[in-house]
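Written out below as structure tokens is the structure these notes cover.
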Amino acid sequence: MDDSAADLDVGAVRAFVAVTEDGYFGEAAARLGISQQAVSKRIGMLERSLGVALFTRTSRGARLTIDGQAFLPHARTLLSAEARAVAAVRPARRALRVDVLNHSIGPAALMRAFHQAHPDIDLDVVTLVDTDVDTAVAAVRSGAIDATFRAVTAPERQLRDGLAAARFLDDPHELLTGPAHRLAAARAVTPAELAGHPIWIPGIVPGTEWATFYADLAAEFGLGIEGIGPNFGTDHLLEVLADSPTLATLTGRHVRLVWPAHYDLRRIPVRDPIPVYPHSLVWHRENPHPGLAALLAHVRTLRRPLPDTGIWTPRWAMPHAWPIA
């Protein structure tokens with residue numbers, strides 16, 4: 001099998017097309033911004049790679065050989081493909097890729113609002129399912145995504161190599177129960193009053209930041225938070241709660257939940273103190289994507305941190321200060 005095509009140099013192909021269109025090596029060199037000698041060298045390298053002569057040199061310039069004529073349309077196709085490949089990864093041309101963890105939580109609502117405010121910015125909203133904050137931050141560091149919405153658990157370790165983060169949304173947690181639950185009629189409850197009541201949060205992935213959040217919350221107030229059993233999704237959780245006199249769950253105030261009216265579920269505020277999940281946005285300071293700059297400005301405008309008094313957050317929660325650009 002002939003592997004010569006795999007050795008084609010795009011710069012040499014570009015020089016070939018330029019000479020074809022200009023008719024002279026000197027004019028092609030001027031167009032490409034290189035010397036005439038460099039153009040001749042590239043054409044010679046291409047001819048050796050293909051094993052054929054592409055031009056005949058005459059006093060009236062360079063003329064394509066039969067092989068050169070056969071190669072020309074493929075050369076143009078190759079350059080067109082190269083241009084599309086480069087454009088696909090240029091920050092000004094490709095979609096802004098942002099991880100939101102879950103499409104029902106507060107950061108996802110923020111991204112929907114951002115899209116409405118900036119419909120001209122192409123977005124790719126992804127969910128890095130069952131990944132912890134370290135994995136998501138590593139994806140930002142590598143350029144696999146432009147930003148991620150996460151709770152940053154160890155900023156001194158995770159925010160290095162040019163990464164930055166800002167805590168932008170404090171999500172107060174509420175108790176969610178069915179109508180038969182013993183606390184269903186309460187107007188508000190305290191974390192201390194939840195002790196002894198089983199709280200079911202299926203789908204907690206060990207090692208993730210949200211697993212750490214709920215473990216710290218449970219330890220602080222003596223709560224029985226369990227993630228045992230298979231996770232059949234939010235719809236199944238709501239169905240179970242609707243019929244249970246004992247099970248309840250915790251959910252963020254900014255989490256979007258929809259259920260049938262006959263479930264008659266109750267969202268009960270938790271106070272004194274209010275357990276707050278600290279959402280942050282993580283990005284790379286040197287990321288040139290213009291959409292990222294617009295997203296940062298949007299997030300900064302809509303930041304909704306709560307006062308530090310009367311709330312509970314884990315000890316590892318980032319401060320509210322916005323990083324200096």
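- Under the 4.5 Å side-chain criterion, counting only non-hydrogen atoms from C-beta, Phe55 is in contact with Ile43.
- Checking each of Leu257, Asp171, Leu237 against Thr251 for a side-chain contact (heavy atoms from CB on, under 4.5 Å) leaves exactly one that passes, namely Leu257.
- Two residues are said to be in side-chain contact when any heavy atoms from C-beta on lie closer than 4.5 Å; Ile201 and Glu226 fail this criterion.
- Judged as a side chain to side chain donor-acceptor pair (under 3.5 Å), not a single pair has a partner in residues 196-205 (not counting sequence neighbours).
- Here the straight-line distance linking atom CD of Glu193 with atom CG of Leu223 works out to 11.5 Å at 0.5 Å rounding.
- The neighbour count for Arg157 CZ, taken as heavy atoms of other residues, nucleotides or ligands under 6.0 Å away, is above 12.
- Using the six-membered ring where Trp is involved, His279 and Phe168 have ring planes that are tilted, between 30° and 60° apart.
- Ring planes of Phe232 and His236: perpendicular class, angle over 60° (limits at 30 and 60°).
- Residues Gln158 and Asp134 have side chains in contact (heavy-atom distance under 4.5 Å, counting atoms from C-beta outward).
- Formation of a donor-acceptor pair under 3.5 Å by the Thr65 side chain with backbone atoms of Ala53 is found in this model.
- Looking at Glu174 and Arg266, no side-chain N of the basic residue comes within less than 4.0 Å of a carboxylate O on the acidic one, giving no salt bridge.
- Applying the 6.0 Å contact sphere to CZ of Arg141 captures more than 12 heavy atoms from other residues, nucleotides or ligands.
- Put simply, the side chain of His115 never gets that close to the backbone of Asp120: no donor and acceptor are under 3.5 Å apart.
- Using a 4.5 Å heavy-atom threshold, the side chains of Leu241 and Thr177 count as separate.
- Taking the six-membered ring where tryptophan is involved, the planes of Phe213 and His173 are tilted, since the angle between them lies from 30° to 60°.
- At distances below 3.5 Å, not a single donor-acceptor pair connects side-chain atoms of Arg271 with backbone N or O atoms of Val189.
- Contact check for Trp312 versus Asp216: side-chain heavy atoms found under the 4.5 Å cut-off.
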